[in-house]
Student: 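Here it is, the structure, as C-alpha cells.
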There are 2 protein chains.
Amino acid sequence: MSLRYGLLGLLAEGPASGYDLARRFEEVLGQIWPAQHPKIYAELRRLADEGLIEVDAEGPRRRRAYRITDAGVAEIRHWLTAGDVDHTIRVQPLLRSLFFWLMQPDDLRRHLDEEARFYAESAARYRAFAAAKDRGDYGDSPQVRSMRVTVEAGIRLYEALADWATWAGTVPPTGAGGPPADADPDPELT
Amino acid sequence: MSLRYGLLGLLAEGPASGYDLARRFEEVLGQIWPAQHPKIYAELRRLADEGLIEVDAEGPRRRRAYRITDAGVAEIRHWLTAGDVDHTIRVQPLLRSLFFWLMQPDDLRRHLDEEARFYAESAARYRAFAAAKDRGDYGDSPQVRSMRVTVEAGIRLYEALADWATWAGTVPPTGAGGPPADADPDPELT
DNA sequence: AAAGGACATGTACTTCGGTACATGTCCTCA
DNA sequence: TGAGGACATGTACCGAAGTACATGTCCTTT
C-alpha cells in the first residue's frame, strides 16, 4: 500500500512519468523503500483509473507524464494524517546477528567489518546529500526541507548501525564456533 | 527466504515446536522480523521434508517439536558465512517523512510527538531486556550473548529514530501546509 | 459438569514485492 | 548509415507475507 502513497507524494511535487518516478525512488529511497518499475507502472495505471492522478503530457518515446489531481492530494493528505504508521522494520542483518554464536570467530569478524564498512559508506552518502542541501544546491522549497529531514534519518540510522557493527566486533567475545550446543539446550522451549 | 533461516537458527538453540517458535519470533523479533504462525508451520514442514530438521517429540495437544539435523546446522552456517546480506530496510515512517511538507504544521507536530514516544518506548523495552541479560537473568551461553548483540542493535536503532523524530519536530520549520506547490514544481522532472 | 481460556496446528485466500523477459523509441557517435 | 546505449513502458510469473477463518486439546475455575 505504501508504494501507492510514495508515488502520490512524489507526484504532489510536480508532474512526472513512471520512468522519472522509478529514478527518484532509486536515488533517494534506494535502500529505504525500493520499488521496481513494473510495479510503478502498474500502480500509476491504477491511480489514474481512480482519478487520483491524470495524464499531464505525452512525450517523445512513448513517455507519459502524470499530474496529481485534487482528489489525489486529498488522498495522500488523509493518509499522512489519518492513516496509521507501519512500524515494522525488517532488518535482515539483525536477524543474522541472533545467530552469530554459530559462526567461526574469524568469519564473524570479517562479516562485521564488512557490515561496518557498508553502513559507514551509506551514512557518508546520505551525509554528502545533506551537505549539498544545506549548501543550498537544491534551493529551499518545503519539499527540499522535507527531503532533508528524511535524509537526516538515513544518516542517523546508518551511523547507528555502523557503530553497532563496530561495537559488536570489538567489545564482547561474541562468537563461539564450536559444535552446536547439544548439552541441555534451552530446556524452557522443549 | 529469511524466515527459513530464522527458524533454523532458533532450532539450533534447541528443539522447539511451531508454537514455541512463533512465540519467540514475537518476543524477540516482533518489530524487527515479524512472522505469522501459518507461515511458520508451513516452513517447518518444508524444512522437515528437506531433512534439515526432524521431529523431536510429540506432546500433549497435537504438539510436535522439531530438532535441527546436522544438515540443518550446515545449512544455516553456510547461509551465515556465504549467503549475502540483504541490506534493504523498509521504514515506512521515513517514506512518510518525505511528504511532511504536505501536512499541516500542528498535525505534523502531533505526528512527530507520537513517533518519538513510540520509538523511545521501544528503545526502553530493549534496554530493559539488555539490563536483564547483563544482570545474568538468562545465564551466559553463546546464544544469550548473541541475543544481547541483537538487542543492542534494537536499542541503538530505536534511540536513533526517537532522537530523529524529536529533532525533526523542533529544529527546522519543516511543514508548509498551504496548497500543493503549483508554481513551477521541480521542472527537472517533467 | 460446564465453560472459558491458553495451548497448538492448520487451510484458504489475497496482496505485495521481486525477477525475467520483451518491446519500442530516440539520440549520438563512429 | 548503422550500431549501441539511454530512454521508456510493459507482460508474466513466482514466491513471500498478511489476514481470515477453522479446529482440536487440555487445564483451570466456578
Side-chain angles (χ1 to χ4, degrees), chain A residues 1-8 15-27 29-50 53 55-66 84-92 95 188-190, chain B residues 1-8 15-27 29-50 53 55-66 79 83-92 95 188-190:
Chain A
M1 251 323 64
S2 290
L3 172 60
R4 181 187 196 76
Y5 295 103
L7 294 172
L8 228 32
S17 68
Y19 192 82
D20 296 330
L21 293 164
R23 265 191 16 254
R24 295 214 54 196
F25 258 95
E26 167 112 30
E27 265 174 32
L29 293 162
Q31 305 179 38
I32 270 161
W33 203 273
Q36 296 75 30
H37 73 264
K39 285 293 147 185
I40 291 175
Y41 289 116
E43 191 64 43
L44 286 174
R45 234 172 302 121
R46 221 168 305 137
L47 286 166
D49 287 347
E50 295 175 34
I53 63 177
V55 175
D56 178 67
E58 311 230 334
R61 321 158 204 205
R62 300 159 73 207
R63 176 196 174 81
R64 191 184 310 133
Y66 291 92
D84 41 57
V85 184
D86 179 2
H87 283 116
T88 58
I89 42 180
R90 245 164 224 288
V91 191
Q92 211 216 37
L95 181 64
E188 174 200 3
L189 287 178
T190 54
Chain B
M1 255 318 69
S2 290
L3 172 60
R4 178 186 197 76
Y5 296 103
L7 294 172
L8 229 31
S17 69
Y19 192 79
D20 296 329
L21 292 164
R23 264 190 18 255
R24 295 214 55 195
F25 257 96
E26 168 112 31
E27 266 175 33
L29 293 161
Q31 304 178 39
I32 271 162
W33 204 272
Q36 296 75 33
H37 73 264
K39 284 292 145 185
I40 290 175
Y41 289 116
E43 191 64 44
L44 286 174
R45 235 173 301 119
R46 221 169 303 138
L47 286 165
D49 287 347
E50 295 174 35
I53 63 176
V55 175
D56 178 67
E58 311 229 334
R61 322 159 201 205
R62 298 160 75 207
R63 175 195 176 83
R64 191 185 307 135
Y66 291 92
W79 179 68
D84 41 58
V85 184
D86 179 2
H87 283 115
T88 58
I89 43 181
R90 244 164 225 289
V91 191
Q92 210 215 40
L95 180 64
E188 174 200 3
L189 287 177
T190 53

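Residue numbers start from 1 in every chain, and the chains themselves are labelled A, B, ... in the order their sequence lines are given, proteins ahead of strands.
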Student: Does Asp86(A) offer a backbone N or O that forms a donor-acceptor pair with the side chain of Gln92(B) under 3.5 Å?
Tutor: yes
Student: To the nearest Å, give me how far apart CD (Glu43(B)) and P (dT9(C)) are.
Tutor: 16 Å
Student: Please name all residues satisfying salt bridge (Lys or Arg N to Asp or Glu O under 4.0 Å) with Arg90(A), sequence neighbours left out, ordered by chain then number.
Tutor: none
Student: Output one letter per nucleotide in nucleotides 10-21 of chain C: B when a protein non-hydrogen atom lies under 4.0 Å from the base, S when only the sugar-phosphate is that close, - when neither is.
Tutor: BB----SBBBB-
Student: Would you mind reading off the distance between Arg4(B) atom CZ and dG15(D) atom C1', rounded to a whole angstrom?
Tutor: 13 Å
Student: Is any side-chain N or O of Arg61(A) closer than 4.0 Å to OP1 or OP2 of dG24(C)?
Tutor: no
Student: In terms of side-chain heavy atoms, does Ser17(A) have a donor or acceptor partner in Arg63(A) at a distance below 3.5 Å?
Tutor: yes
Student: dC7(C) C1' sits how many Å from Asp20(B) CG, rounded?
Tutor: 10 Å
Student: Please list, chain by chain and in numerical order, all residues satisfying salt bridge (Lys or Arg N to Asp or Glu O under 4.0 Å) with Arg61(B), sequence neighbours excluded.
Tutor: none
Student: Check the distance between dC26(D)'s P and Tyr19(B)'s OH and give it to me in whole angstrom.
Tutor: 15 Å
Student: Check the distance between dA16(D)'s C1' and Tyr5(B)'s OH and give it to me in whole angstrom.
Tutor: 14 Å
Student: If only atom types and distance count, is the side chain of Gln31(B) paired as donor or acceptor with the main-chain N or O of Thr88(A) below 3.5 Å?
Tutor: no
Student: Output the rounded distance in Å from CG (Leu21(B)) to C1' (dT9(C)).
Tutor: 13 Å
Student: A quick test of your reading: do over 12 heavy atoms of other residues, nucleotides or ligands sit less than 6.0 Å from CD of Glu26(B)?
Tutor: no
Student: Could you give the CG-to-P distance, from Leu29(B) to dA17(D), as a whole number of Å?
Tutor: 13 Å
Student: dC27(D) P sits how many Å from Arg63(B) CZ, rounded?
Tutor: 14 Å
